[in-house]
Amino acid sequence: MRFPDTLTRLHALTKADNLGLGLVVLGLVLQAGSVAAALKLICVWLLLLLSGACVSQLIARNTRERESRP
Amino acid sequence: MADVLLAAAGIILVTVALGLVPIVRGASATDNILAVQLFGTGGVAVLLLLGAVSGAEAIVDVALTLALLSAFVSVAFVKSYPAASSDVTRSSAMYECRA
Amino acid sequence: MPPVPEQAVTSAGGLLLVIAVLLPFVGVLIGIALRGVHARRVALCTLPLGLAIAIAIAVTVLQSGAQLTYLLGGWAPPLGVALRADMAAVVMLVVVAVVVCGIGIYACDDFNPARESPGPRASSTFWLLLLAVWGSLNLVFVSGDLFTLYVALELLTFAGVPLVCLDGRGDTLRAALRYLLFALLGSLLYLLGAVLLYGAYGTLDIALLRAASVPEPVTWAALALATTGLLAKTALFPLHIWLPPAHAGAPAAASAVLSALVIKGSWFLLIRLWFDALPGVVTFSAAQVLGALGAIAIVVGSVVALRQARLKLLVAYSTVAQIGYLFLMFPLAFDAGSNMLVHDAALTGGILQGISHATAKASMFMAAGLISAALGHDRIADLAGVARAMPITVLTFAVAGIALMGIVPSGAYLAKKLLLESAADSGQWWWTLVLQGGAAFTAGYVVLVLVNVLRRPGGAHPVIKRVPAVSEYAALALAVCSLLLALAALGPLPAHLISNPLAAGELLATLLVLLGGVLLAQGLSLHPLFAAAPAATMPASGLLRRSAGATGVMFARIDLLARGWTVACISLLVVALLFGGLLFFGARG
Amino acid sequence: MMTFVNLLLAVLLLALAAWTTLARNMFAAVVGFIAYGALLALAWVQLSGIDIALTEAAIGSGLTGLLLLNAASRLHVNANAGGNTGRSRLRVPAALLSAAVSGALMLCVFALPETPPTLAPDVAANLASTEVRNPITAVLLAFRAMDTLLEAIVLLFALIGVWSLSSDPHWGGRPGLRQYSEPNGILAYTARVLPPIGIVVGAYIFWTGADYPGGKFQGATLLAAMWLLVLMAGLADAPPIRRTWLRVALVAGPLAFIAVGFLGLQTAGAFLAYPEGFVKPLIIAIELALLPSLTLVLGLLLLGAPLRGEEP
């Protein structure tokens, strides 16, 4: 939490989003009971990947424009 | 095994909670929403872990819902606090006064 | 949990209860689907149907002599939900139907989408909300389940709040928001109480709770919370933060709905809770405090009402006082022998009081609305000449005033008699003072208005706009109803209560009440009642009047203070703690 | 380990609640509230209230979050609003009183019996006759169906109230303000990609509700959120509230519910009873009819009063 500005913090956040959750899901998939359950877990991860990507783009732009204005 | 998963869930919770600390200290609005985004992701992870521990499949549905809506809230934030740019323009004019 | 046999079956004709609740709601749904202009038509079709169903329920109950029950979905409580209609519910159903019809006829011309003002928004919304309030109230009266009652409260709140800001002015929006927030706070407290009761007894059914509940900490807490929430929604002093601005700012027909009907929902629910669900848990001291809050409400509400410069605010504050009157039955219904509240003369009197207030206050608001529409203002000091220009409306005001005062030929008179009798029987003489004093206060502000409208106009003809005759007659009809309906509701009249109204004792009591009212009005009103009398000739009364004026200012300050958000919320907590403590210590002592 | 996680959750919940209440900055409080909603969903999962967790995640955190964000940004424009206007002298007694009430409540809750009386066994015993496997659905649509019907109607009342806040020239017009965004921007992209997924998830949550946690309300919330996403990106515009299809769709759900109720009168002998063998199909039919109505109501409630009359 010692990153100097919002954009770098965003950078750190996306790591947690993508990689952290990905690893958690990977671990859980290995011990999931059924193929369907495993697929569902992967779906959750994919969904977060997608939404995370979109949202971080949005926030980044929002930040850049906010900071370039004043 | 369950203990390991629970420990993981606990660690994620603590980390996510630490992520909230900057808000307490009065960070910018964007930082706040970043913390919420992190909270959403962390919540999803914890839910998945808890689901694996308790074996209740429906918990994954809660995670799905949370994942979808945390993205939704972030979009709402960007629309509510526009940077007056071309991509995202005014969304929050006020109700006109009808005095 | 042993099921209570006679309540676990649907009785013949029970379906009427379902229809009574759903008919207005279906009207709302169809009204939404058909858009604005048709809303009024749908509502006007629904009104007579609903009245007919209310009467049918009354006939069914009177013929069978037992309460009407309907098990929804065929599931018996505690699993399912039962609708029940006892005598009290039937009376309320009929009276509300009559009042809603009266208001409908009155508003027929006001809220006509074909007219320029108030515009299609307000006129279609009003009719939908009128039906919505009606259905919600019916649900409050017939529901036998605490959670369904919570839903009914929610329905009532969401139907009532938009009525406040129908005309869309900024200050009415503020009043509506105030009402919404405080009412939701009340709902939440009630819900918390209901949840605690379920946690303790595993049922939400009122009849089963009555059998299962015992005085213990959870029940005390639940009752204290639910009572506080309901008091906040009924706007009993000091929780009347939202009432005066909301009732005074709304259009006249909407004020009539709000003041005559909406607050009766939470009031009736409180009766259900205290008398039917947990009568063994309430304590003498808690009932006394409820009555005491009522007494304070009478004094503060009446004094502040007398000091208003505007007619609609005067009527709104008189509601604050009348609400206090509605709570006097709680201490009087307390049976020292069984240590619980009992269905007896005091409850009958209280409900009679409630229905007289519903009809009389509706017609009073209508009369005030008509006067204000005709004159273009409602300043009390400038009402001279109205009596000559609008005799029917002034007659309405007077009749409604008589009904509220409880002097001789009215239902409220019987109500007062019943309450006085209970007070004498149970030895609680102090409530006699409150009952008579309250009547004098009511007389005060009725006389204040009447004196002003009867005054000879100084200048030109004051009326600037003609009001529709049908509205005038609708208001008058409701006022007359308030005299008659209560008599009908009582069924066979208890003979010992009826005495010759012209007998010396009765006449003296009436005169005393009126005289007290005149003195109060003279002392407390903003302008001297009889301005013609030169003030210099009465130095003593001048001094008296100054001190009375100081008292008035003090009460107005108290009212203003109590209606601040912070103080109101603190009062809420204090009342909750107070009731919790009283139930706790009352049960010990 | 479970106890540790639960304890951690409880502490976090309390801390977040306290902080949300005490926050001076309105926006920070909103953010705190959204996070609190997510945390509360976790807590409900731990309490085995998965249906409630779903609802909390959807309504408490998602839709309410949007509502509060919008409100906060509007008040922000109104700079003078917000802040502490209460009398500071009264804050200490108010806090003490609140603490006293909470303390008394806590004592009462601790006084509850160790195994509280509950209707859960009754519900379980009668579950078979409702033909659904999710006990929550059985309670909501069989045992206490009336409450569910009335709750659907409450939402419509609230919508009437919200609409009535419009001004006369705009009555019947489109709610909210027209939203714009760059057609090829990232927001538009998000609003094109997420809703299909969201709709599938919403439909799944709705469908699974008969047998597992889920149902019409949570499904409708997700669908409404996706609809709002499309509106926020400016890909579509909110319909004017005078549209007949809109109004019919709004009331179709509750009306169908009532109709099925009266059908039960004919076939099963009681209002809102279902004939044997058709219970599950009828329950699903009611839920299916309520789904679009609820979606529209929730979306329109968040959009607010009509602010635009006829415009090009």
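Numbered from 1 within each chain, the chains take letters A, B, ... in sequence-line order.
Heavy-atom pairs under 4.5 Å with chain B peak, among D/A41, D/A15, D/A35, at D/A35. The choice from B/L66, B/L13, B/L64 that makes the most heavy-atom pairs within less than 4.5 Å of chain D is B/L13. In terms of non-hydrogen atom pairs under 4.5 Å with chain B, the most contact-rich of D/L229, D/V30, D/I50 is D/I50. In terms of heavy-atom pairs under 4.5 Å with chain B, the best-connected choice from D/L63, D/T221, D/V201, D/T208 is D/V201.
Residue contact with chain B, scored on non-hydrogen atoms closer than 4.5 Å, involves the side chain of D/I205 exclusively. Heavy atoms of B/A67 lying under 4.5 Å from chain D are absent altogether. Of the two parts of D/Q46, only the side chain, counted from C-beta on, holds a non-hydrogen atom closer than 4.5 Å to a non-hydrogen atom of chain B. Both the backbone and the side chain of D/L39 come within contact range of chain B, with heavy atoms under 4.5 Å apart.
Contact check for B/V62 versus D/E56: no side-chain heavy atoms found under the 4.5 Å cut-off.
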Starting from the C-alpha separation in whole Å, work towards a yes-or-no answer on side chain to side chain contact (heavy atoms under 4.5 Å, CB included) for D/V31 and D/T20.
-> CA-CA 8 Å; D/V31 166; D/T20 306; over 6 Å; no
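In this structure, the side chain of D/S166 does not engage the main chain of D/L307 through any donor-acceptor pair within 3.5 Å.
The two residues D/A188 and D/A233 have their closest heavy-atom pair at CA-CB, 4.2 Å. Among all heavy-atom pairs drawn from B/G40 and B/S70, the shortest one is CA-CB, 4.2 Å.
For CH2 of D/W227, the number of neighbouring non-hydrogen atoms (other residues, nucleotides, ligands) closer than 6.0 Å is greater than 12.
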